[in-house]
Chemist: 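Below is a structure I'd like to ask you about.
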Amino acid sequence: MNFFRDNSDLQFHFREGTAWDRFVPLWEEGFRFADGPRTLAEARELYEACLHEVGEYAAKEIAPRAREIDEQGVSFEGGEVVHPPGLLRNIEGLRKLGAMAVSLPRELGGLNFPVTVGATLLEILSRACTNTLLLHVFYQATAVMVLRFGTKDQVERWVRPLAEGALSGSVAMTEPDAGSDVGNLSMTATPEGDRWRLTGRKQFITNGCGDVCVVLARSEPGSKGLDGLSLFVAPRRENGRDNFRVARPERKFVIRGSATCELAFDGSCAEILGPRGAGFAEILTFMNEARIAVAIQGLGLSQAALVAARDYAEKRVQMGRPIARHEMVADMLFDMEAEVAALRALILRCAAMQDRILGLERQAQASAGELATLKRALRERTPLVKWFGAERTLWITRTAVQIHGGYGVVQEYDVERHYRNALILPIYEGTSQIQALMSLKDQLKWAFEGPWRLAGGPVRVEAPPDTLGDALREMAGEYNRGFRAVLTESVGFSGMLRGLMNRTSEPDRERLGYALLHAERLAAMLAYTRAAEALVAHGAASKTHRALAERFVHRSLPLVHLHAEIVRSGDRSTLERLRG
Ligand SMILES: Cc1cc2nc3c(=O)[nH]c(=O)nc-3n(C[C@H](O)[C@H](O)[C@H](O)COP(=O)(O)OP(=O)(O)OC[C@H]3O[C@@H](n4cnc5c(N)ncnc54)[C@H](O)[C@@H]3O)c2cc1C
């Protein structure tokens, strides 16, 4: 009954798989704080104690309430959003454990725990009840935005209450006509004295009924696209009255315990966060962290589905043996296990990169070269981990339903809920297609910045000198060949040459039709490659790790080949249809 202790792969990552010494001393600034740990060992003891407590609370209290929270859903009474009572009890329990905003600084009510510890905590919560995770993350996520861009006074007023769980928050970008297309945002912000007035509507805002909302709005009249946007912080109530209106929450079949709100701002009061016009750059920091958080949400759901499927398959007997002993079911279970391990390895690799970056940034003399390399590696992986976490969680949870047969679609079994909830993952925080576009755009930019990258292939992998390493190199090679193929098909060989000579000029959108057509296939190829790379890095740890890495790589390589074949096929039928 402990979601930290009962997970052998999480235990492995915590005990052996994480290079804590690479970032904990940076986070603790050489262990110089009187109220912090004095050594690396002490820091790890603190992390373990917290994860142990949360793991136990999640298994014993949160998980048993998850079905009821889903069944009750969010309601709307007397013009107010009402959360399921069990959800509020879960949040109250986590608040009492002091686990609301573990990565915030201690002096602001956090614990100064690295992102890696936070990621493990979120995985545990999502496994227990993904609705609870979703409300929980917006306490820290909202606070981080104020901490990062707010004035000292704003930090004093908002960050500590959010970190302590006294106030809850939300982050609002999406509008009715600006979903994937953030540049189409139309909410206006008008200065008035030292404050601002916001006018417009926000759509689909998670916990938009919370006490404080970080809002992206257009502050520069006449601006277009991603320019002229600024970030604001708006209290839900001002002088005891509603500052903006919260409409009825959406009625959904996914994450039913999470309030998804439409917000109407009509000259609502707000304060600007950070410099005028820097809104898009600021919100990007949130989006990048939120994308990894969605992958973690997926990991928790995947782990829950894996455990449920394994347990069920051991007990359910058909044709004289447990279904887990039938070849096809055993095959599904092995794939599920390998995929979960690969997703966890990729997420924790990204978290460790984030930790090293944040740690180095705290140091005045951090090496600019190392920071740039790490930031580029993390930036490359961010859309991939979101894509992989979302898409593979859908497959894993669906397979858990399949293994349960008819009982899989019955509400008394949790797997139908996991599958339904997984359906939101490829949609919010940028759809899977948008992640694919981000990945393609970055690869194009880097390729055209340095001719050698295009010639040699933009992607390299860390691979051991053995057969697993050979398969990994083959996956990366397939991506590189696929990437070159879409470029040649899009802009032709002469276009590539022009791009190479004129380093910064990316080809324009109209000419990139073939690359855009295959963006998601390319993203899938690279996501499998990076997940495999992260898993293979632990392949030498034990026989189990080696077996999981082999399984994942041997199942992923043919998929990468399949995508590559389609990408290189030159089939333009969709583009021809588009031209009509
Ligand atoms: C439950 C829930 C919670 C949410 N929480 C928040 C929140 O807290 N804060 C917030 O700001 N937003 C939130 N959102 C909004 C969410 O981020 C958007 O729904 C999402 O970005 C997609 O936007 P859209 O719904 O307008 O779809 P659209 O952008 O209209 O996309 C529709 C389809 O077209 C595809 N598409 C669009 N453009 C392209 C393109 N250029 N190339 C290829 N395909 C394309 C998409 O992939 C998708 O399949 C939430 C949404 C939901 C459902």
Side-chain angles (χ1 to χ4, degrees), residues 70 73-74 81 130-131 133-142 145 168-187 198 200-210 212-217 225-226 229 231-232 234 244 246-263 265 279-280 282-284 286-291 293-294 297 383 386-387 390-391 394 420-441 509-510 512-523 574-575 578:
D70 173 69
V74 174
V81 173
T130 211
N131 286 305
L133 161 98
L134 207 49
L135 183 52
H136 174 272
V137 286
F138 275 96
Y139 286 82
Q140 177 164 302
T142 313
M145 294 306 279
S168 76
S170 61
V171 178
M173 285 170 282
T174 306
E175 295 181 4
D177 293 323
S180 303
D181 188 4
V182 182
N184 203 32
L185 206 136
S186 67
M187 174 173 278
L198 303 180
R201 271 165 65 201
K202 292 287 175 188
Q203 188 83 21
F204 296 142
I205 307 306
T206 301
N207 196 41
C209 51
V212 52
C213 185
V214 168
V215 188
L216 188 65
L226 302 174
L229 302 173
L231 209 57
F232 297 88
F244 52 86
V246 180
R248 164 184 287 284
E250 305 291 348
R251 293 169 62 167
K252 338 184 274 302
F253 73 102
V254 300
I255 47 168
R256 287 171 34 81
S258 172
T260 310
C261 304
E262 183 188 322
L263 311 180
F265 292 74
F280 185 67
E282 291 172 350
I283 203 77
L284 212 52
F286 165 82
M287 286 202 274
N288 285 332
E289 285 162 7
R291 283 169 183 165
V294 173
Q297 183 181 14
K386 162 73 167 72
W387 184 92
E391 296 295 333
L394 257 180
R420 270 191 291 115
N421 285 334
L423 278 160
I424 190 59
L425 305 174
I427 293 174
Y428 60 18
E429 289 314 331
T431 64
S432 287
Q433 292 70 48
I434 296 303
Q435 304 309 317
L437 289 184
M438 304 302 304
S439 174
L440 177 70
K441 215 176 131 204
R509 192 198 178 286
E510 289 315 311
L512 279 178
Y514 193 82
L516 294 172
L517 181 66
H518 291 295
E520 194 168 354
R521 287 189 188 92
L522 286 169
T574 304
L575 296 177
L578 268 179

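As the structure lists them, so they are numbered: ligands from 1, and atoms in each ligand from 1.
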Chemist: Find all atoms of ligand 1 within a distance of less than 4.0 Å from any non-hydrogen atom belonging to Ser180, and give their numbers and elements.
Modeler: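 Counting from 1, the qualifying ligand atoms are 23 (O), 28 (P), 29 (O), 31 (O), 37 (C), 38 (N).
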Chemist: Is atom 33 (C) of ligand 1 less than 4.0 angstrom from at least one protein heavy atom?
Modeler: no
Chemist: For the pair Asn207 (side chain) and Leu135 (backbone), establish whether a donor and an acceptor sit closer than 3.5 Å, ignoring hydrogens and angles.
Modeler: no
Chemist: Strictly distance-based, threshold 3.5 Å: is any side-chain N or O of Arg256 a donor or acceptor partner for the main-chain N or O of Asp70?
Modeler: yes
Chemist: Which ligand 1 atoms does Ile205 reach within 4.0 Å, using its non-hydrogen atoms?
Modeler: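 Once the distances to Ile205 are compared, the set is 7 (C), 8 (O), 9 (N), 10 (C), 11 (O).
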Chemist: Within a distance under 4.0 Å of any heavy atom of Ile427, pick out the atoms of ligand 1 and give their elements.
Modeler: 20 (C)
Chemist: Mind listing the side-chain donor-acceptor pairs of residues 177-187 below 3.5 Å, one per line with the distance, residues two or more places apart or on another chain?
Modeler:
{"unit_1": "Asn184", "atom_1": "ND2", "unit_2": "Asp177", "atom_2": "O", "d": "2.9"}
{"unit_1": "Ser186", "atom_1": "OG", "unit_2": "Glu175", "atom_2": "OE1", "d": "3.2"}

Chemist: Under the side chain to side chain donor-acceptor pair (under 3.5 Å) rule, what do Thr174 and Lys202 come out as? Steps first, then yes or no, please.
Modeler: CA-CA 6 Å; Thr174 306; Lys202 292 287 175 188; over 6 Å; no
Chemist: I'd like the name of whichever of Asp177, Thr174, Ile424 reaches closest to atom 10 (C) of ligand 1 through any heavy atom.
Modeler: Thr174
Chemist: Which atoms of ligand 1 sit under 4.0 Å from any heavy atom of Val171?
Modeler: 7 (C), 8 (O), 9 (N), 10 (C), 11 (O)
Chemist: Starting from atom 24 (P) of ligand 1, locate the nearest protein heavy atom and write down its residue, its atom name and how far away it is, to 0.1 Å.
Modeler: Gly179 CA, 4.0 Å
Chemist: Could you tell me which atoms of ligand 1, counted from 1 in the order shown, lie closer than 4.0 angstrom to a heavy atom of Thr260?
Modeler: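 In order of number, 1 (C), 2 (C), 3 (C).
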Chemist: Give the numbers and elements of all ligand 1 atoms closer than 4.0 Å to a heavy atom of Leu437.
Modeler: 40 (C), 41 (N), 42 (N)
Chemist: Scan the protein's non-hydrogen atoms and note whether one is under 4.0 Å from atom 15 (C) of ligand 1.
Modeler: yes
Chemist: Measuring to protein heavy atoms, does anything land under 4.0 Å from atom 30 (O) of ligand 1?
Modeler: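 Within 4.0 Å of atom 30 (O) of ligand 1, no protein heavy atoms are found.
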Chemist: Report the nearest protein non-hydrogen atom to atom 8 (O) of ligand 1: residue, atom name, distance rounded to 0.1 Å.
Modeler: Thr206 N, 3.0 Å
Chemist: Given the protein's heavy atoms, is any one of them under 4.0 Å from atom 42 (N) of ligand 1?
Modeler: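 For atom 42 (N) of ligand 1 the answer is yes, since some protein heavy atom falls inside 4.0 Å.
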Chemist: How far is atom 7 (C) of ligand 1 from its nearest protein heavy atom, and which residue and atom name does that atom have?
Modeler: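 Answer, as residue, atom name and distance: Phe204 O, 3.4 Å.
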Chemist: Without swapping roles, check the side chain of Thr431 against the backbone of Ile427 for a donor-acceptor pair under 3.5 Å.
Modeler: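 Here the side-chain-to-backbone pair does not exist.
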Chemist: Can you list everything that forms a ring pair (Phe, Tyr, Trp, His ring centres under 6.0 Å) with Phe265? Sequence neighbours excluded, please.
Modeler: Phe244
Chemist: What are the atoms of ligand 1, with element, lying closer than 4.0 Å to any heavy atom of Met173?
Modeler: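 Within the 4.0 Å cut-off of Met173, ligand 1 contributes 10 (C), 11 (O).
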Chemist: Ignoring hydrogens, just give me the one of Ile255, Leu517, Ile434 whose non-hydrogen atom is nearest atom 39 (C) of ligand 1.
Modeler: Ile434
Chemist: Applying the side chain to side chain contact (heavy atoms under 4.5 Å, CB included) criterion to Ile255, which one of Leu423, Leu425, Asn421, Thr206 satisfies it?
Modeler: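 Going through Leu423, Leu425, Asn421, Thr206 one by one, the side chain to side chain contact (heavy atoms under 4.5 Å, CB included) with Ile255 is satisfied by Asn421 alone.
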Chemist: In the protein, which heavy atom is nearest to atom 44 (N) of ligand 1, and how far is it?
Modeler: Gln433 CB, 3.8 Å
Chemist: Can you check whether Ile424 reaches Lys252 side chain to side chain, under 4.5 Å on heavy atoms?
Modeler: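 No - every pair of side-chain heavy atoms lies 4.5 Å or more apart.
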Chemist: Using modelled atom types and a 3.5 Å cut-off, is there a donor and acceptor pairing between side-chain atoms of Glu289 and backbone atoms of Ala141?
Modeler: no
Chemist: Suppose I only count heavy atoms of Glu429 and a 4.0 Å limit; which atoms of ligand 1 are within that range?
Modeler: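 Result: 17 (O).
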Chemist: Hey, does the side chain of Gln297 reach the backbone of Leu133 with a donor-acceptor pair shorter than 3.5 angstrom?
Modeler: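 Looks like no, no N/O pair under 3.5 Å.
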Chemist: Tell me if a side-chain donor or acceptor on Lys386 pairs with a main-chain N or O of Val294 at a distance below 3.5 Å.
Modeler: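 A pair under 3.5 Å: no.
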Chemist: Given Thr431, Ile283, Leu516, which one has a non-hydrogen atom that is nearest to atom 47 (O) of ligand 1?
Modeler: Thr431
Chemist: Counting C-beta onward and ignoring hydrogens, is there a side-chain heavy-atom pair between Arg291 and Met438 closer than 4.5 Å?
Modeler: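 Sidechains of Met438 and Arg291: in contact.
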